[in-house]
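To start, the structure itself, in structure tokens.
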Protein chains: 2
Amino acid sequence: MLKEAEKTFSDFLEKKDLKLTSQRRTILRVAFEAEGHFSAEALLSLSKKADSTISKATVYRTLALLKESQILEEQDFGDGKKVYERAQGRKHHDHLICIRCGKIIEFENEPIERLQNAEAQKHRFKIVYHSLKLFGFCNSCG
Amino acid sequence: MLKEAEKTFSDFLEKKDLKLTSQRRTILRVAFEAEGHFSAEALLSLSKKADSTISKATVYRTLALLKESQILEEQDFGDGKKVYERAQGRKHHDHLICIRCGKIIEFENEPIERLQNAEAQKHRFKIVYHSLKLFGFCNSCG
DNA sequence: CTCTCAATTGAGACTAATTCTCAACTAGAG
DNA sequence: CTCTAGTTGAGAATTAGTCTCAATTGAGAG
């Protein structure tokens with residue numbers, strides 16, 4: 001999983017004449033060890049544990065590259081900060097977000113995707129990516 | 001349309017023991033004269049034309065009230081600032097967003113809504129509101 | 001109409017996430 | 001090993017949005 005991502009990342013960087021630095025390697029590894037959704041701030045703090053000299057600026061810059069290379073996906077659950085999750089090698093999914101406890105539930109729904117594509121076609125629109133978020137109360141917060 | 005919203009707003013304010021001030025009246029009217037989606041910044045600038053003493057703080061505070069009373073709906077198209085659109089008396093709709101020219105296309109799709117509800121039910125989740133955004137290239141930017 | 005007082009306001013300070021600047025540093029081609 | 005373009009850390013800058021507080025005002029009571 002991580003190996004694959006490292007390959008994707010180094011190919012991506014090479015194609016853009018960018019360098020694979022130790023900081024970028026560390027940040028990628030730490031992002032892969034993080035479970036679920038994590039913020040830039042959390043990634044910074046985790047990265048600093050592996051290499052205390054890594055700065056905020058580098059984390060943000062590297063996140064932008066990981067996003068662009070589609071290794072990570074950016075999500076905005078509406079709490080004022082963006083979070084990230086692994087995308088490479090995972091199926092696309094959307095989210096249910098509990099507005100009371102903050103729980104995030106992931107789901108896949110092919111029929112919805114098909115209807116989205118049909119809707120886009122109707123407007124002669126080419127979808128590049130999409131975002132479907134259902135906000136409400138989870139099971140426990142009912 | 002505006003008359004209706006003014007009624008909704010004054011009822012809403014009364015119920016919460018809040019006052020219908022001239023600033024709130026002005027901001028509501030200006031928001032209704034604005035077409036489509038507008039930012040808080042744009043609303044401030046338009047409101048200042050009607051009453052130059054209206055401040056940023058009042059616009060943000062009033063937007064929160066208009067959102068809470070469901071006269072306006074808040075949208076985030078991912079460019080770092082929230083935008084608002086009229087909600088009262090309009091059908092729910094979702095958006096196609098062109099990532100090249102920024103054009104916004106609205107659409108209604110009942111079948112998608114039904115599938116969303118079914119998906120939520122599967123997780124015993126109560127949807128309060130949702131957001132579906134399809135990003136890509138419009139007809140002209142294809 | 002006037003009084004009263006809680007709600008409201010404007011101005012600008014403040015917050016927080018993210019981006020930028022720039023001099024010092026480094027990956028990696030040759 | 002040497003170059004050099006790309007990279008980095010530190011902290012300043014930016015920017016949307018929120019907060020503070022003294023002065024003001026809407027609107028019910030009299």
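Just so it is clear, the values below take in all heavy atoms, side chains as well, and ignore hydrogens, waters and symmetry mates. Naming: A, B, ... by sequence-line order, numbering from 1 per chain.
When each of A/Glu41 and A/Arg25 is assigned the nucleotide of DNA chain C bearing its nearest heavy atom, the one mapping closer to the 5' terminus is A/Glu41. In terms of position along DNA chain D, the nucleotide closest to A/Ser52 lies nearer the 5' end than the nucleotide closest to the other residue of the pair A/Ser52 and B/Gly80.
Counting only heavy atoms from C-beta on, A/Arg24 has its side chain closest to D/dT7 among C/dG10, D/dT7, D/dT25. When each of C/dG10, D/dT8, D/dG17 is scored by its nearest atom to the side-chain atoms of B/Lys56, the top-ranked nucleotide is D/dG17. Nearest to the side chain of B/Ser55, among C/dT18, C/dT8, C/dA11, sits C/dA11. When distances run from any side-chain atom of B/Ala57 to the nucleotides C/dT26, D/dC19, D/dA16, the shortest one goes to D/dC19. Considering only side-chain atoms of B/Leu20, the nucleotide from D/dA5, D/dG9, D/dA27 that sits closest is D/dA27.
In this structure, B/Asp11 does not pair ionically with B/Lys15, as no charged nitrogen and carboxylate oxygen lie closer than 4.0 Å.
Nucleic acid contact for B/Lys81: sugar-phosphate only, since backbone atoms but no base atoms lie under 4.0 Å from a heavy atom of the residue. Residue B/Ser22 is out of contact with every strand shown, counting any heavy-atom pair closer than 4.0 Å.
OP1 or OP2 of D/dG9 has at least one side-chain nitrogen or oxygen of A/Gln23 nearer than 4.0 Å. Put simply, B/Tyr60 has a side-chain N or O that comes within less than 4.0 Å of OP1 or OP2 on D/dG17. The side chain of A/Thr21 places an N or O atom within less than 4.0 Å of a non-bridging phosphate oxygen (OP1 or OP2) of D/dT8.
Atom-to-atom, CG of A/Leu13 to P of D/dG6 comes out at 13 Å; the value is rounded to the nearest Å. Straight-line distance from the CD1 atom of B/Ile54 to the P atom of C/dT8: 15 Å, rounded to whole Å. For B/Glu14 and D/dA27, the CD to P distance is 9 Å, given to the nearest whole Å. When rounded to the nearest whole Å, the span between CG of B/Asp79 and P of D/dA16 equals 10 Å. In this structure, A/Arg61 places its CZ atom 11 Å from C1' of C/dC22, rounding to the nearest Å. Atom CD in B/Glu74 sits about 12 Å away from atom C1' in D/dA16, given to the nearest Å. The separation between B/Leu18 atom CG and D/dG28 atom P is 13 Å, rounded to whole Å. In this structure, the CG atom of B/Leu65 is 12 Å from the P atom of D/dT18, given to the nearest Å.
Aromatic ring orientation, B/Phe12 versus B/Phe9: parallel (interplanar angle below 30°, classes split at 30° and 60°).
Between A/Glu108 and A/His93, the side chains place no donor N or O within less than 3.5 Å of an acceptor N or O (distance only, hydrogens not considered).
Side-chain contact between A/Phe77 and A/Ile104: present, with at least one pair of heavy atoms (C-beta onward) separated by less than 4.5 Å.
Judged by distance alone, with hydrogens and angles left aside, the side-chain atoms of B/Thr58 form no donor-acceptor pair with the main-chain N or O of B/Ile54 at under 3.5 Å.
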